[in-house]
Every structure is written in C-alpha cells, then in structure tokens.
Number of protein chains: 4
Amino acid sequence: MSPRNIIRDQRVREERIEQILNAAIRVISTKGIGAASMSDIAKATGISIGNMYHYFKSKDDIFAEVLRQGQLNYGHNLSLLEKNTELDTYQILHQFACDWLANPINWAYTIMLQSARTTVSVPHHIRQDVTDRFTVNLQPMARIIERGQSQGHVVDGDPLQLAFYFVSLIQGLTLQRAPGYEIPVSINVDQIIRLFCPL
Amino acid sequence: MSPRNIIRDQRVREERIEQILNAAIRVISTKGIGAASMSDIAKATGISIGNMYHYFKSKDDIFAEVLRQGQLNYGHNLSLLEKNTELDTYQILHQFACDWLANPINWAYTIMLQSARTTVSVPHHIRQDVTDRFTVNLQPMARIIERGQSQGHVVDGDPLQLAFYFVSLIQGLTLQRAPGYEIPVSINVDQIIRLFCPL
Amino acid sequence: MSPRNIIRDQRVREERIEQILNAAIRVISTKGIGAASMSDIAKATGISIGNMYHYFKSKDDIFAEVLRQGQLNYGHNLSLLEKNTELDTYQILHQFACDWLANPINWAYTIMLQSARTTVSVPHHIRQDVTDRFTVNLQPMARIIERGQSQGHVVDGDPLQLAFYFVSLIQGLTLQRAPGYEIPVSINVDQIIRLFCPL
Amino acid sequence: MSPRNIIRDQRVREERIEQILNAAIRVISTKGIGAASMSDIAKATGISIGNMYHYFKSKDDIFAEVLRQGQLNYGHNLSLLEKNTELDTYQILHQFACDWLANPINWAYTIMLQSARTTVSVPHHIRQDVTDRFTVNLQPMARIIERGQSQGHVVDGDPLQLAFYFVSLIQGLTLQRAPGYEIPVSINVDQIIRLFCPL
DNA sequence: TATGAATGAGCTTTCATTCAT
DNA sequence: AATGAATGAAAGCTCATTCAT
C-alpha cells in the first residue's frame, strides 16, 4: 500500500472519529448522558454499532474523549480570550459568559462534566482527568482576573478563588437552562459581570 | 377484628418509607441518579426489592418523593432564615451558604435536582414539579435580597435575578465538591457574599 | 365453645368462601384468567390477601373450585330443564340457549373452562376433573335430544354426538361475545335450534 | 463497502422470523397464550432472549404477527375453497371442517384467537384487528352458504348468520380437542354438515 | 473496514405465597 | 380469623459488547 493511501486512511479515520464524537455530544445533549446508548450514537453517526468499536474500545472511551476534547477546546478558547489585548477584563468576562450561555452544546458539556465528576460508576481515571483539566482551565481565568485587579476593574481577593466562583456561577446558570423546563427568570449578563467588576 | 396494632403499623410504615428515602438519597449521591437501581436502594435499605413496591409504586415515585421532600425542606429552612429578624442580609446569606455547603446531603440533593431537570428519561411531571418548586423557592431569597437592597447592603438590580444568580453560584460550587475529586481551590464564603453585599 | 358457635362459625366460613368465589368469577370475567391476581380477588372480596389463604390453599384451588361449582351448577340447571315435562324439546333447547347466552357470567365460565382445559400450566387433576365433569354434563343433554328424536322433533343421529355438537356450538358462540369486540352478526336462537329441530 | 451478502442476510432474517413464529405457535399451543413467555419461545427457537428483540419489538408484536398470519392463511384457504367450482356446497363445508379439525395447528390458532379476543391485557389494537379479520373471513363462508341455498342444498336463513353459526360450531369443537384431555365423544363430520345441508 | 446478529447480564416490575403479630 | 409486610422467582425488555462474515 502506498504511503499516500496510508495517510489518506489516517485522515478518513480521524474524520470518522470526529463524526462519532459530534454525534455523541448531540445525542447526549438531547437524551442525557445516562440514556445515551451506543445504538443511539451509531444511528446519529450513520454507521453500524459494530463499526463504532473500530474507533473506540468502549462507550466510556467515547465519553472520555468527548469530555477531553470539550475541555481542551474550552481551555483553548479561554487562552485566546486571555491573549486578546484589545478587550478589557469586563469585556473579556462578558464575552466569555455570553459565548458560553449562547451555545446550547455547552449545556451538554456542562452536564457531562458534572455527571462524570459526580458519578461513581464512571471509571476513576476519567473522573480524575476531568477534574485535573478543570483545575488547569481555571488558570487562564485566574490570570484574566488578576490582570483586571491590577487595573482596578475587578474586586479584591484571591484571583484563583474568584475564577472558581465565576466559573461555578456560569456553570450553575448553564445547568438551569434545561430545554422545556426553563426557570422563568431572565439572565442579565452585564449584571452578573458587575458582581465581579463593579463600576 | 385484626390482631394488629393499627397505630403502630402506621408508624412502622412511615419509618420504613423514611428509611427507603434516606437510602435512596444515599445511593443516588454515590452512584448518580441514572445508575441508582432499585436493587441498590433495596440493599441500602436492608429490605427485598419486591418489598419496596409496598411503599412506592415505582422507582420514579421514589425519586419524585426524594426530590419533593428535599425541596420542601429547603424552602422551609429558607423561610425560617427570612423571618429571622436578628440577622442582617449579609449574615443571612452567609449562614445560608455555610449551611448549604457544609451538609454533604445537599450535594446529593443538588445533583438529583440537576439530573432530574436535565434528564429526558425522567417523566415530564417530575421535571415540571421540580422546576416549579425551584422557582417558588427563589421567592424568599428574592425577598431577603430586596430587604438588603432597601437597607443599602446589597448591590442594585432585580432582586429575583440576583437571587437566581446567588443560588446558581451556590449550587455550582456545591456540584464542584465531588468527594474524592475536589477542585484544589478553597472556598471563602465571606468573599462570595461580598460579591453581592460589597462593603 | 358451644355447639351453636361452632355451627355459626361454619356458616360464616361457608359464606366467606362463597364471597371469594363470587369475587373470583367477577374478576376473571373482567380481567381474564391470566391477569386475575390474588390481590385483585382479595380486593373484590373485601378481605386481605393473607386471609384468603385461610379459605383456599392456593390460587389454583380457588380456580378449581370456581370451575367445579360452575359446572355443578350448570349440570343441575340442565337436569331441572330435563325434568320439566311441560316443555317440548325445541322449547328446552331454546330456553337453554337463551339462558346461557343471556347471562354474562357464562361468558366468564366458558372462557375459564376452555382456558383450564387447554393450558398446560394448569395442574393435571384440575384439567382432568373439568374434562370429566364436562363429559358427565353431556349426558342430560343427550337424554333431552334422545327424547326429542323419539318424538320426531330432532334430527337423526347419535344423541351424545348431537349433544356434543349442540353444546360446542353454544360455547363457540359464547366465546365470540367478547365485550367491546363483538362480531357484528346478530344471533337468532330460533334459527340455531332449528338446525337440530327442523320443522 | 460491507463484506456481507445483503440478499443472503435478508433471506436469513426472514427465515429467522418464520422460525420464531413457528416456535411461538408451538409454545402457545402447549402452554396457552397467557403462560407462553419470551423465554419459552426463545428456547423453542434456539436463540437467546435478547436476540428475539432484533426481530420483534415486543412479545405482543410476536403474538399479533402469529395471529395475523394465521388468519390471513385461513382466509386464503377459504377463498380457494370458495372458488373451487368442482365441489358442491356440502363437499366444500365437509372438506373445510375435515381440514380444520385434522390439523393440530388449528387448535393452537383457535385458542390464540379466542384468548386474544377475550383477554383484557391484550392491547386494544390487536384485539380489534383480530376481530376485524374474523369478521372479514366470515364473508367467503357466507357466500358459499348463499350459493348452496340458491341450489337448494342449505337450510334457509341469513347466510352471514349461518356462516357465523357454522364457524362457531367448528371452533367450539376444535377447542374441545385439548391433547390429553379429549372429550370421549367422536366427531362425525358428515352429521355436522347435514345440520346445515339436510338431505 | 463494515455489518448487524448474537449474547448475557442487568434493569424495573409483578405476584403467589409465607409469616409475625 | 385477620392483617399486610416480606420474600423470591419470574416476567418483559434493554444494552454494551463480541463475533462471523
């Protein structure tokens, strides 16, 4: 087999994997993590159940990868925001919150993340990895807040703790947005950011 | 005609029901709502699976009752705090947050509540009831905040929205406290309340 | 204990047994023999499940007794008809068919009888007893038919066989009358009897 | 892309379905419709319980299909007999009765049909479909009888009603033939047909 | 690689029967 | 006699995973 074919096969394989992961998060976001079956994901991907096992060795494996990519992506986006020197801290936090709350897929990620961390039947290594990446992802937010404090835009206090509170608040609000069962209280992002960045 | 003590039987029955509900919340808090089986709850209660159905007509029934009692209890405690005129708003919010974060059972309740609202396989009426009670339970918190605003202790803004943010923040933090997988960032309740009650 | 009390107890016991048997046939006729549970029958009788076992040693025992009494009753009524010398054979058969088809309880008995005879899980002795009593109950009908033949009212042929056909026809028609699922063909009893008693 | 022979797969699948349906009617005919479990049918088919659900989505689904095929087959055979111009009405009815009573599988079908129509726990749509097909299947028999009447072979009366009586008689007799519990009265088909086609 | 049939363990639920009171 | 809690075996069904093709 020519090297070109090997490379092509590798690319096809990676595309398949991405298709599966996209299907998985889509299914999870509509059926919940507990009710999302291999059959559902296979159907959503458009391939057979058996074929799924050529790309992932188990259902847990798929979930772990969905979470990994979701968290890596989250961290990446946050780093980009951190490096954007055109925005002040208020604007960064505002955009972060708006982006997060606007995208329905984040609802699914947040639920998965909480489920994974709090469910005993999820394997230890997955839970640990998720926790570790969450902790790592707090760092850029802490740096953003620290910068804001040095500019007098953000309230005093340990930046890491404030980052933890801020992210927990956004996550808490995200979880409230269950489709079809909305809490009848609107969310005012400006007001939320003002808690951390008072005028 | 019956040689049974009806009063005693009734009491025993109520105790059993409470044993089951306690076992259920214990199991759910360790295995997650999706993986908590009747078998698990029966074993935790110390009775047979079949006998569970003398007290609850289905698994959903148990879950609904656990949630109902948890939310009613929460609302009751919050109302007590609201009526306590010896405490100012800062103190009320501080005690509320401390109480909530200190009691490990609240972790389980918070997980159940989120699971119930976001899991499609949970029956509609349960999800609706949980959502409704959550909304109702926001009211005393909104009144506490409104009182704080009138005394100049709390930041400006719609009291109901602020209550929603505050409760979501506390819930978000609660969910982070997964036993064995703690985020290595300590929580400073005073600092959290200060976001809403700045000096 | 005085003899009077023993007799009274005995009478109470027999009434209870009859209450249970009546409840049983009522439940069976509405839920079907397969779905009729001890709990259903107990509730219909107005006593507790446990108490049922003071009067019958098993569910099969109840069913067997329902069948036994139903068949004995059937045989008794048939004998009365047989002895009624005021009616000719046509009139006897007509009244028999009308009586049988008019009383909804016979529908339940017929279904039970067929279920009992054709269901493997019904104990052997019950099935045998039902079959034996059915066979015995053919005799008075055969005698009625034989008498009719000697008077020239009934078609020729072995009286027992004709009795068998006649009863099977009535039973077959009875089974068709499933409440809510009637066959839209009316039954003309005169026409049926005329098959056996041509003008 | 698939290394499977789709044509062959489809054929194998259809064979499996037929195997299951055959096993089902076999089990039902020995245990009764109420006691026939998926486990029994699976064992009789020689496959696992879980695998049954690749071919039928529920137990009811299997029963419905068994009944449907049985009734369609019955109607088809009856239509063939109706179109056979070489036989007169007596001969047609005679052959119909002989065929039906000779084939033991008809005993099973008749039991299933009656059970389905008279058992409350059987879903409504199945009961309705069975009733409807039974009614439809009365039509060819009514036409056969009507033709016989116009030739003076059959007794007077509404042909549909007579068809109903005739079929009920044959069904009633069929149900009597419980293997191992036979009523000790022989059946003379000629004599039965003579009730409807007197000399 | 791709398929979907096949399996087996697990789930929730029902129910006849027993038992302590 | 009377109660209903308790049990355990069975039911129908689901699903992650394996396997032959």
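When the P atom of F:dT18 is taken as reference, atom NZ of A:Lys57 falls 11 Å away, rounded to whole Å. Protein atom CZ of B:Arg8 is 14 Å distant from nucleotide atom P of F:dG4, rounded to whole Å. Computed from coordinates, the B:Asp9 CG to E:dA20 C1' distance equals 11 Å when rounded to whole Å. The distance between atom CD1 of C:Ile20 and atom C1' of F:dA2, rounded to the nearest whole Å, is 12 Å. Separating the CZ atom of C:Arg11 from the P atom of F:dA1 is a distance of 16 Å, rounded to the nearest angstrom. The distance from atom CZ of B:Arg16 to atom P of E:dA20 is 15 Å, rounded to the nearest whole Å. Taking atom CD on B:Glu14 and atom P on F:dA5, their separation rounds to 12 Å, with Å as the unit. The separation between B:Phe56 atom CZ and E:dT12 atom P is 15 Å, rounded to whole Å.
In terms of modelled atom types and a separation under 3.5 Å, the side chain of A:Thr119 and the main chain of A:Val122 share no donor-acceptor contact. A donor-acceptor pair is defined here as one N or O able to donate and one able to accept, closer than 3.5 Å; such a pair exists between the side chain of A:Asp40 and the backbone of A:Ser37. When atom types are taken as modelled, the side chain of D:Asn51 and the backbone of D:Ile47 share no donor-acceptor pair closer than 3.5 angstrom.
One finds a side-chain N or O of D:Arg13 lying less than 4.0 angstrom from the OP1 or OP2 phosphate oxygen of E:dA5. Residue A:Asn51 places at least one side-chain N or O under 4.0 Å from the OP1 or OP2 atom of E:dT3.
Take the nearest nucleotide of DNA chain E for C:Met38 and for A:Ser48: the residue whose nucleotide is more 5' is A:Ser48. With the nearest nucleotide of DNA chain F identified for both A:Gly50 and D:Lys31, D:Lys31 has the one nearer the 5' end. Mapping B:Gly46 and A:Tyr53 onto DNA chain F by nearest heavy atom places B:Gly46 at the nucleotide closer to the 5' end. Where A:Ile49 and B:Asp60 meet DNA chain E, the nucleotide closest to each residue was compared, and A:Ile49 sits on the side nearer the 5' end.
Using a 4.0 Å heavy-atom distance criterion, C:Tyr55 is classed as a sugar-phosphate-only contact. If you check every strand for non-hydrogen atoms under 4.0 Å, D:Ser37 touches sugar and phosphate atoms only.
Nucleotide E:dT3 forms a pair with F:dA20, judged by Watson-Crick or G-U wobble geometry with both contacts under 3.5 Å. Base pairing of F:dT14: its partner is E:dA9, meeting the Watson-Crick or G-U wobble criterion (both donor-acceptor distances under 3.5 Å).
In the set F:dA5, F:dA2, E:dT1, the nucleotide with an atom closest to the side chain of C:His54 is F:dA2.
Atom OG1 of D:Thr131 is separated from atom CZ of D:Arg117 by 4.0 Å, given to the nearest 0.5 angstrom.
Residue B:Ile28 comes nearest to B:Met112 through the heavy atom pair CG2-CG, 3.2 Å, listed as atom of the first residue, atom of the second, then distance.
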